[in-house]
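Below is one structure, written out as structure tokens, with a few remarks after it.
These values consider heavy atoms only, across backbone and side chains, with no hydrogens, waters or symmetry-generated copies. Residue numbers run from 1 in the order of the sequence given.
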Amino acid sequence: MDSIKKNDIKVIKEHALDMVKSVLVWAVITGLAFLYWMAVFLIFSLILLNVWHVKFDSILKYAIVLTIITSIVYIVKKIHKIRK
């Protein structure tokens with residue numbers, strides 16, 4: 001009886017550790033996606049300087065929206081992978 005409880009606790013700890021790792025990976029991916037989108041829009045704003053008149057706050061908003069979309073796509077693909 002005592003060994004069953006120890007195994008259950010071990011399984012719960014491993015599951016919790018896997019969840020923490022998944023959340024940390026998601027946070028890193030989201031952060032990198034934000035940096036990517038900011039860099040892309042800053043480069044586009046420099047290349048299209050005479051055509052696209054945009055302010056930094058607009059670039060920030062675009063990057064945040066695309067980061068949210070990227071994050072949602074990542075989560076959906078991760079869930080789809082786990083279900084298979």
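- Here the NE2 atom belonging to H80 is positioned 9.5 Å from the NZ atom belonging to K77, to the nearest 0.5 angstrom.
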Donor-acceptor pairs under 3.5 angstrom involving side-chain atoms of residues 11-20: please list them, not counting sequence neighbours.
none

Review point. Does the side-chain contact (heavy atoms from CB on, under 4.5 Å) test come out yes or no for W37 and T70, once each step is laid out?
Key: CA-CA 10 Å; W37 288 118; T70 304; 3.1 Å; yes
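- We find the CG-OG1 distance between L60 and T67 to be 9.0 Å, quoted to the nearest 0.5 Å.
- Note: the hydrophobic cluster containing I79 also contains W26 (ILVMFWY, side chain heavy atoms under 4.5 Å, direct or indirect links).
- Within the model, atoms CE of M38 and CD1 of I64 stand 8.5 Å from one another, a figure rounded to the nearest 0.5 Å.
- Linking ILVMFWY side-chain heavy atoms closer than 4.5 Å, directly or via other members, places L35 and V25 in two distinct hydrophobic clusters.
- Looking only at side-chain heavy atoms (C-beta outward), K61 and V65 stay at 4.5 Å or farther from each other.
- Criterion: ILVMFWY side-chain heavy atoms under 4.5 Å apart, direct or through other members. Under it, I82 and L24 are not part of a common hydrophobic cluster.
- Within the 4.5 Å cutoff, no side-chain heavy atoms of I68 are placed close to those of F34.
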Indicate every side-chain donor-acceptor pair of residues 39-58 with a distance under 3.5 Å to a residue at least two apart or in another chain.
{"unit_1": "S45", "atom_1": "OG", "unit_2": "F41", "atom_2": "O", "d": "3.4"}
{"unit_1": "S45", "atom_1": "OG", "unit_2": "L42", "atom_2": "O", "d": "2.7"}

